[in-house]
Amino acid sequence: MKIDIIGDIHGCYQEMAELTAKLGYRWDNGIPIHPENRILGFVGDLTDRGPQSLKVIELVWQLVMQRKLACYTPGNHCNKLYRYFLGNKVQISHGLETTVAEYKALNKDEQQSIRRKFIELYENAPLYLVLDQQRLIIAHAGIRQDFIGRTDAKVKTFVLYGDITGEKHPDGSPVRRDWAIHYHGKACIVYGHTPVKEPRIINNTYNIDTGAVFGGKLTALRYPEMEIFSVPSTMPYVEEKFKHFV
Ligand SMILES: [Mn+2]
């Protein structure tokens with residue numbers, strides 16, 4: 001299987017379009033198509049904070065549900081937006097406010113259309129993707145080796161939020177353990193969720209969330225070649241959002 005896996009987009013549609021062009025996809029009728037049968041993969045967190053979240057949903061829905069040219073697994077922001085669209089009471093914060101503002105600016109028919117598409121995309125997505133005869137796993141915040149194959153609540157929390165301890169840093173952000181340094185599995189794990197300045201590659205795990213929405217870059221991993229492609233972000237740079245590993 002030949003797949004180009006794209007990190008957390010968070011509404012950065014323009015960067016995503018540029019990145020697919022850099023990867024050799026040709027935009028035909030508003031859809032990126034690779035001349036050599038490659039597909040796209042999305043690690044989740046399509047929306048929130050960035051300028052064009054709904055356009056990203058529309059495109060990923062078309063690629064995954066209509067054209068079967070991509071695979072997608074949800075992130076924590078996707079999960080929250082899904083609950084919002086179901087009518088659940090969720091806090092409109094941490095970037096969801098931008099997606100909701102875009103949504104509210106639409107007319108009723110457009111609202112219904114994007115809401116249905118996102119619900120369909122989300123409900124058809126696995127908690128994490130197991131691809132290429134289990135040699136490749138795509139999980140939003142990563143996955144522990146012993147969780148692979150499981151889909152219970154504990155695993156759901158892990159793949160959406162990472163290895164959280166329940167504690168918080170002084171700035172209110174959750175404390176996350178560094179699961180990747182303990183990973184020794186054979187499968188390659190591609191994930192995002194924690195913005196890093198450069199892709200973090202350790203023990204066959206690839207964090208490709210290079211903070212596009214915080215002014216970093218949008219990154220793709222070309223599999224199985226394991227080549228990295230990035231485009232710079234147009235968003236203002238927010239240094240404190242990037243995690244530095246020692
Ligand atoms: Mn996330």
Side-chain angles (χ1 to χ4, degrees), residues 5-13 15-16 19 40-54 56-57 60 64 71-85 90-100 118 121-122 125-129 137-144 147 153-169 171-180 189-200 205-221 230 233 235 238 240-245:
I5 308 148
I6 298 184
D8 307 42
I9 299 169
H10 283 299
C12 294
Y13 182 86
E15 288 83 343
M16 190 213 44
L19 183 56
L40 289 166
F42 297 96
V43 303
D45 282 3
L46 304 176
T47 63
D48 296 0
R49 294 195 178 101
Q52 295 182 101
S53 290
L54 301 187
V56 176
I57 293 175
V60 174
V64 175
C71 21
Y72 156 79
T73 190
N76 53 310
H77 287 260
C78 306
N79 172 269
K80 198 174 180 191
L81 181 61
Y82 173 67
R83 289 182 284 122
Y84 171 81
F85 279 149
V90 297
Q91 264 197 40
I92 315 289
S93 60
H94 296 100
L96 181 60
E97 60 276 18
T98 68
T99 306
V100 168
F118 186 75
L121 178 69
Y122 187 93
L127 218 41
Y128 52 93
L129 293 154
I137 290 170
I138 305 174
H140 177 64
I143 190 165
R144 245 167 58 183
F147 283 178
K154 209 172 162 184
V155 175
K156 183 176 178 181
T157 300
F158 194 102
V159 298
L160 288 181
Y161 302 97
D163 197 359
I164 48 172
T165 63
E167 297 157 294
K168 295 209 165 165
H169 291 295
D171 69 350
S173 64
V175 173
R176 298 173 193 162
R177 290 189 204 94
D178 187 9
W179 62 274
I189 297 182
V190 184
Y191 68 107
H193 187 58
T194 301
V196 282
K197 283 205 180 158
E198 296 296 329
R200 181 175 188 239
T205 73
Y206 293 72
N207 178 357
I208 57 167
D209 179 7
T210 45
V213 82
F214 298 121
K217 46 197 179 183
L218 186 65
T219 292
L221 174 69
S230 299
S233 164
M235 300 289 287
V238 190
E240 61 270 25
K241 294 293 184 182
F242 291 83
K243 166 99 175 150
H244 300 271
F245 290 92

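Atoms considered below: every heavy atom in the structure, side chains included; atoms not considered: hydrogens, waters and symmetry mates. Both counts, for ligands and for their atoms, begin at 1 and track the order of listing.
- Taking A125 as the reference, Y72, P74 meet the side-chain contact (heavy atoms from CB on, under 4.5 Å) condition, with sequence neighbours excluded.
- Counting just the N/O/S atoms of D45, the one with the shortest distance to the Mn ion (ligand 1) is named OD2.
- To the nearest 10 degrees, the angle centred on the Mn ion (ligand 1) between OD1 in N76 and ND1 in H193 reads 90°.
- If you check the side chains of H193 and N76, you find a donor sitting under 3.5 Å from an acceptor.
- Aromatic ring centres of W179 and Y191: separated by under 6.0 Å.
- At least one N, O or S atom of H140 sits under 2.8 Å from the Mn ion (ligand 1).
- A cation-pi arrangement is present between K243 and F245, with the terminal nitrogen or guanidinium carbon under 6.0 Å from the aromatic centre and inside a 45° cone about the axis.
- With 2.8 Å as the limit, T194 does not count as an N, O or S neighbour of the Mn ion (ligand 1).
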